[in-house]
Amino acid sequence: MATGNNSLGVDNTFRKKFDREEYLERAREREKQEAEGRGKSKGPPVQRKPLKHRDYEVDLESRLGKTQVVTPVAPLSQQAGYYCSVCECVVKDSANYLDHINGKKHQRALGMSMRVERASLQQVQERFEQLKKRKAPGSFSEQDLDERIMKQQEEEEERRRQRRERKKEKKKEKAAEEEPEIDADVAAMMGFGGFGSSKK
């Protein structure tokens, strides 16, 4: 049996030994590289146009109530949902599509920043003048509003009346279809002559 110290030539202290000079040198080089990276600019900053009013109508109702076959191999533009050709993505419903086209990613792809151009006093005054010209003078009064409300209420009442009549007609048709036609002789033979009436 071997007796004695088995730890000759083996480092059993389990402590990591650091060379401070080596790690300080590495840290200085890393700081130098980061400073050089910050000093170098990747180019001039991108100038984006401010937000502007959309000059087209967003079509949300063209596919309303229509069915479509969805296949996994169809191109993105033919898949179910709303396709954005600018961002090349498909959005599943109209609310999310509106959020997408008004969002930052889509506007950046169009080359716009999310900032709005500040209007001058002259621009605001010109806009008011355009709106005044577009609105015909004396085109609206409270009497016109009252007439329109009365007309709309009459139309609504007429629609309700027609709906009630259609329901009554459907009930009559359904009752007529469900009521089986019974032969009088067969009914008498089976005892369906009536309640409490007996012929003598």
Side-chain angles (χ1 to χ4, degrees), residues 50-112 114 116 124 127-200:
L51 279 176
K52 63 179 182 177
H53 181 62
R54 196 177 299 125
D55 58 354
Y56 60 91
E57 190 69 29
V58 178
D59 181 27
L60 298 175
E61 299 167 354
S62 65
R63 291 198 247 166
L64 188 66
K66 295 184 180 176
T67 58
Q68 182 177 2
V69 177
V70 179
T71 59
V73 293
L76 279 177
S77 61
Q78 295 175 357
Q79 287 185 0
Y82 295 90
Y83 176 69
C84 175
S85 58
V86 176
C87 303
E88 296 180 353
C89 65
V90 176
V91 185
K92 296 300 178 191
D93 61 6
S94 60
N96 286 332
Y97 181 67
L98 280 175
D99 287 344
H100 169 74
I101 63 175
N102 292 329
K104 189 182 237 181
K105 178 183 173 189
H106 184 80
Q107 297 299 330
R108 287 253 168 110
L110 288 174
M112 289 188 234
M114 293 303 286
V116 179
V124 173
R127 183 70 174 170
F128 277 133
E129 290 300 319
Q130 287 176 354
L131 292 173
K132 283 180 185 176
K133 288 177 185 176
R134 191 166 61 173
K135 180 182 173 185
S139 65
F140 182 77
S141 67
E142 286 187 32
Q143 189 176 15
D144 293 341
L145 179 63
D146 292 338
E147 289 175 10
R148 286 173 47 195
I149 289 173
M150 291 295 289
K151 186 176 179 182
Q152 201 170 23
Q153 286 175 347
E154 289 171 4
E155 290 174 358
E156 184 65 29
E157 187 61 39
E158 181 65 24
R159 274 191 237 118
R160 286 182 191 151
R161 188 185 59 76
Q162 289 175 353
R163 201 176 309 137
R164 283 193 299 262
E165 287 177 7
R166 278 188 297 233
K167 280 186 179 180
K168 286 180 183 178
E169 289 175 11
K170 284 182 183 179
K171 278 186 179 180
K172 286 179 183 177
E173 290 175 7
K174 193 174 182 181
E177 288 176 6
E178 290 179 357
E179 188 176 300
E181 293 188 23
I182 301 172
D183 188 21
D185 295 334
V186 174
M189 188 170 48
M190 294 180 74
F192 294 132
F195 292 106
S197 64
S198 59
K199 293 184 180 180
K200 293 185 182 179

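The figures here come from the full heavy-atom set of this structure, side chains too, leaving out hydrogens, waters and symmetry mates.
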List the atom of K104, the atom of M114, and the distance in Å for their closest heavy-atom pair. CA-SD, 3.8 Å
Can you give me the closest heavy-atom contact between C87 and H106, atom names plus distance? SG-ND1, 3.5 Å
Can you list everything that forms a side chain to side chain donor-acceptor pair (under 3.5 Å) with S62? Sequence neighbours excluded, please. D59
Separation of K52 NZ from L110 CG (nearest 0.5 Å): 8.5 Å
Who passes side chain to side chain contact (heavy atoms under 4.5 Å, CB included) against F128, sequence neighbours left out? V124
Taking side chain to side chain contact (heavy atoms under 4.5 Å, CB included) as the test, write out the residues that go with L76, two or more places apart. Q79, Y83, V90
Kindly write out the residues that satisfy side chain to side chain contact (heavy atoms under 4.5 Å, CB included) with E155, not counting sequence neighbours, or none if the list is empty. K151, R159
Tell me every residue that passes side chain to side chain donor-acceptor pair (under 3.5 Å) with E88, counting only those two or more places apart in sequence or in another chain. none
Non-neighbouring partners of V116 that pass side chain to side chain contact (heavy atoms under 4.5 Å, CB included), sequence neighbours left out: L51
Mind checking whether H100 and V86 have side chains closer than 4.5 Å, heavy atoms only? no
Which residues pass the salt bridge (charged side-chain N to carboxylate O under 4.0 Å, His left out) test with R166, sequence neighbours left out? none
So E129 and K132, side-chain contact (heavy atoms from CB on, under 4.5 Å) or not? Walk me through it. CA-CA 5 Å; E129 290 300 319; K132 283 180 185 176; 4.1 Å; yes
Residue pairs passing the ring pair (Phe, Tyr, Trp, His ring centres under 6.0 Å) test where at least one lies in residues 59-82, sequence neighbours excluded: Y82-Y97
Show the numbers, then the answer: is there a side-chain contact (heavy atoms from CB on, under 4.5 Å) between K105 and R108? CA-CA 5 Å; K105 178 183 173 189; R108 287 253 168 110; 5.9 Å; no
Taking the side chain as every heavy atom from C-beta outward, state whether R127 and Q130 have any pair of such atoms under 4.5 Å apart. yes
With sequence neighbours excluded, what pairs up with R160 under the salt bridge (charged side-chain N to carboxylate O under 4.0 Å, His left out) test? E156, E157
Does Q152 have more than 12 heavy atoms from other residues, nucleotides or ligands lying within 6.0 Å of its CD? no
Among residues at least two apart in sequence or on other chains, which ones pass salt bridge (charged side-chain N to carboxylate O under 4.0 Å, His left out) with E165? R161
Quick one: side chain to side chain donor-acceptor pair (under 3.5 Å) partners of D99, sequence neighbours excluded? none
Atom CZ of R148 and atom CE of M150: how far apart are they, to the nearest 0.5 Å? 14.5 Å
